[in-house]
S.K.: 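What follows is a single structure, and I will ask about it in a moment.
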Amino acid sequence: MPVELRDYRPADQSGLIALWRAADLLVNPLNDPETDIRFCLESGHGQIIVGEEDGRIVASAMLGHDGHRGWIYYVATDPERRIAGLGRRIMNAAEDRLKAQGVPKVELLVRDSNYQAIGFYQRIGYVVEPRALLSKRLDDIAVPMGGATTDDDVVITFLEMSERPSVPRVEPKIPIALLRAKAPTTAFYHYLYDAVGRPWYWTDRKAYSDEQLAAVIQDERVEIYVLHADGVPAGFFELDRRQAPTVDLAYFGIMPDFIGKRLGPYLLGTAIEMAWEGGTARFTVNTCTLDHPAALPMYQRYGFKPYDRRRVPPPWRRGDTSTYENG
Ligand SMILES: CC(C)(COP(=O)(O)OP(=O)(O)OC[C@H]1O[C@@H](n2cnc3c(N)ncnc32)[C@H](O)[C@@H]1OP(=O)(O)O)[C@@H](O)C(=O)NCCC(=O)NCCS
């Protein structure tokens with residue numbers, strides 16, 4: 001049966017997301033496909049066209065206009081049906097719909113490293129215009145430090161301390177309690193990890209299966225301490241003693257709502273005190289240019305010294321995010 005182009009229906013959701021995954025459109029962990037679909041359709045001026053073949057979604061385009069220009073996103077065809085005219089067909093359909101709405105010009109964004117897509121768009125009549133794309137997030141997601149573009153490499157700094165430092169005492173501004181989460185469930189851990197790490201692109205632990213994750217977080221040599229502020233979870237840190245006598249501060253962070261209440265310095269001081277219990281010889285941490293800009297100077301102020309630096313592609317340019325450890 002030929003591919004039928006039609007409007008998206010709710011029942012297409014999993015097939016559409018599977019297509020986007022197969023077409024490598026979901027590499028940026030900040031793009032949540034379900035949210036994107038809902039936001040587009042609820043906006044009142046967005047549409048999604050899908051191509052269906054024998055009950056499978058094999059092509060897609062999301063389109064809409066902002067009152068000035070038309071925009072097309074999430075263009076994909078099934079990897080096994082490429083160079084067969086399907087991309088051109090769905091783009092023509094999207095353009096026809098925009099034209100019917102009186103839109104004079106359509107624009108789209110392509111990562112400049114995606115030569116394959118640029119070649120395709122040029123072949124079907126698009127031109128590359130010399131423009132700088134400027135952007136600013138309006139949600140609580142932080143942009144990479146120092147104005148780095150999101151295509152820059154990420155620099156990871158590895159730090160260590162080889163003796164217990166004298167830790168400055170910091171009094172938090174709100175009543176707090178620190179509780180060890182012994183052998184936490186993976187669901188609780190995911191909550192903590194996302195709540196703290198989402199603004200900073202923490203993704204590596206998301207690549208773990210439930211079994212892999214449980215094997216780490218329920219290991220008694222891995223200590224997870226949850227900070228509560230006024231009874232509410234506000235941050236956590238994770239001490240990994242599996243390479244004892246070296247201890248690693250595998251994760252450390254405060255949830256966005258609690259940043260600025262002096263909880264970070266308090267929590268780091270406490271993590272350092274605890275890390276040095278039990279015959280520790282070396283304490284390590286790493287931080288990268290996607291982390292809060294204050295993280296690196298704070299680690300240094302507390303006695304960590306950089307010993308290595310590595311450049312890696314950002315998580316959304318790496319298919320495999322699992323090699324990416326965050327501090
Ligand atoms: C980009 C994409 C949608 C193209 O789909 P497709 O089904 O292969 O496209 P078509 O077969 O309709 O190609 C249309 C024309 O472009 C040409 N073309 C396709 N890919 C090309 C490429 N990489 N370089 C040059 N020309 C290309 C085709 O040969 C065809 O030319 P013709 O009509 O003269 O024969 C598909 O490769 C894809 O899903 N890629 C991954 C997702 C992606 O990167 N999307 C864009 C995000 S902005």
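Ligands are counted one by one from 1 in listed order, and the atoms in each one are counted from 1 as well. The basis for the numbers below is simple: all heavy atoms, side chains too, and nothing from hydrogens, waters or symmetry mates. Counting begins at 1 with the first residue of the sequence.
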S.K.: Mark up the atoms of ligand 1 that fall under 4.0 Å of a heavy atom belonging to A76, in ascending order.
M.R.: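 Going through ligand 1 atom by atom, the ones under 4.0 Å from A76 are 39 (O).
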S.K.: Under 4.5 Å between any side-chain heavy atoms of W276 and F283, yes or no?
M.R.: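 Yes, at least one pair of side-chain atoms sits under 4.5 Å.
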S.K.: Test of understanding: given a 4.0 Å heavy-atom threshold, classify the contact between A84 and ligand 1 as side chain, backbone, both, or neither.
M.R.: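 Only the backbone of A84 comes within reach of ligand 1.
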S.K.: At what distance is the nearest protein heavy atom to atom 15 (C) of ligand 1, and which residue and atom is it?
M.R.: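 Of the protein heavy atoms, R123 CG, 3.6 Å lies nearest.
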S.K.: Looking at D78 and R56, is any side-chain nitrogen of the basic one under 4.0 Å from a carboxylate oxygen of the acidic one?
M.R.: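 A salt bridge is present here (some side-chain N lies under 4.0 Å from a carboxylate O).
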S.K.: Is D24 close enough to touch ligand 1? Criterion: a residue heavy atom under 4.0 Å from a ligand atom.
M.R.: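 Contact check D24 vs ligand 1: negative.
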S.K.: Which of the atoms in ligand 1, numbered in the order shown and given with their element, are less than 4.0 Å from a heavy-atom of A117?
M.R.: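 Those atoms are 44 (O), 46 (C).
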S.K.: May I ask you to identify the nearest protein heavy atom to atom 5 (O) of ligand 1, giving residue, atom name and distance to one decimal place in Å?
M.R.: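 For this ligand atom, the closest protein heavy atom is T77 OG1, 3.2 Å.
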S.K.: Have a look at ligand 1 and work out which part of Y121, if any, has a heavy atom under 4.0 Å from it: side chain, backbone, both or neither.
M.R.: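 It is the side chain that gets close, since no backbone atom is under 4.0 Å.
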S.K.: Is there any ring pair (Phe, Tyr, Trp, His ring centres under 6.0 Å) pair reaching into residues 115-138, and which pairs are they, with sequence neighbours excluded?
M.R.: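 For residues 115-138, and leaving out neighbouring residues, the ring pair (Phe, Tyr, Trp, His ring centres under 6.0 Å) pairs sorted by first residue read Y121-Y126.
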S.K.: Tell me, which protein residue and heavy-atom name are nearest atom 44 (O) of ligand 1, and how many Å apart are they?
M.R.: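 Ranking protein heavy atoms by distance from atom 44 (O) of ligand 1, first comes N114 ND2, 3.0 Å.
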S.K.: Quick one: does any side-chain atom of S60 pair with a main-chain N or O of V75 as donor and acceptor, under 3.5 Å?
M.R.: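 Absent.
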S.K.: Among F120, Y74, Y73, which one has a heavy atom closest to atom 9 (O) of ligand 1?
M.R.: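 Closest candidate by heavy-atom distance is F120.
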S.K.: Counting non-hydrogen protein atoms only, what is the nearest one to atom 11 (O) of ligand 1? Give residue, atom name and distance.
M.R.: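 Looking at atom 11 (O) of ligand 1, the protein heavy atom closest to it is G85 N, 2.8 Å.
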S.K.: Among R111, R88, Q116, which one puts a heavy atom closest to atom 33 (O) of ligand 1?
M.R.: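 When every heavy atom of R111, R88, Q116 is considered, R88 comes closest to atom 33 (O) of ligand 1.
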S.K.: Mark up the atoms of ligand 1 that fall under 4.0 Å of a heavy atom belonging to A23, in ascending order.
M.R.: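 Per the distance check, 41 (C), 42 (C).
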S.K.: Heavy atoms only: which of I72, V75, D78, I124 lies closest to atom 43 (C) of ligand 1?
M.R.: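 Heavy atom nearest to atom 43 (C) of ligand 1 belongs to V75.
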S.K.: Cluster question for you: counting only ILVMFWY and a side-chain heavy-atom cut-off of under 4.5 Å, with indirect links fine, are L5 and M62 together?
M.R.: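 No, L5 and M62 fall in different hydrophobic clusters.
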S.K.: Are the side chains of R164 and E273 in touch, meaning some heavy atoms are under 4.5 Å apart?
M.R.: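 They are in side-chain contact.
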S.K.: Using every non-hydrogen atom in the two residues, find where P184 and I224 come nearest and quote the distance to one decimal.
M.R.: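 Minimum heavy-atom separation between P184 and I224: CG-CD1, 3.9 Å.
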S.K.: Do the ring centers of Y193 and F236 come within less than 6.0 Å of each other?
M.R.: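 No, they do not, as the ring centres are separated by 6.0 Å or more.
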S.K.: Look at atom 35 (O) of ligand 1 and say whether a protein heavy atom is found at less than 4.0 angstrom from it.
M.R.: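 Protein heavy atoms within 4.0 Å of atom 35 (O) of ligand 1 - there are none.
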S.K.: Counting non-hydrogen protein atoms only, what is the nearest one to atom 29 (O) of ligand 1? Give residue, atom name and distance.
M.R.: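 Sorting protein heavy atoms by distance from atom 29 (O) of ligand 1 puts I83 CG2, 3.7 Å first.
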S.K.: Taking NZ, NE, NH1 and NH2 as the nitrogens, is one of them in R6 or E52 under 4.0 Å from a carboxylate oxygen of the other?
M.R.: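 Yes, this pair counts.
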S.K.: Is R21 positioned over the aromatic face of Y74, cation under 6.0 angstrom from the ring centre and no more than 45 degrees off axis?
M.R.: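 Geometry flag: not set, cation outside 6.0 Å or 45°.
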S.K.: Which of the listed options, L109, L25, V110, holds the heavy atom that is closest to atom 47 (C) of ligand 1?
M.R.: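 Selected option, by shortest heavy-atom distance: L25.
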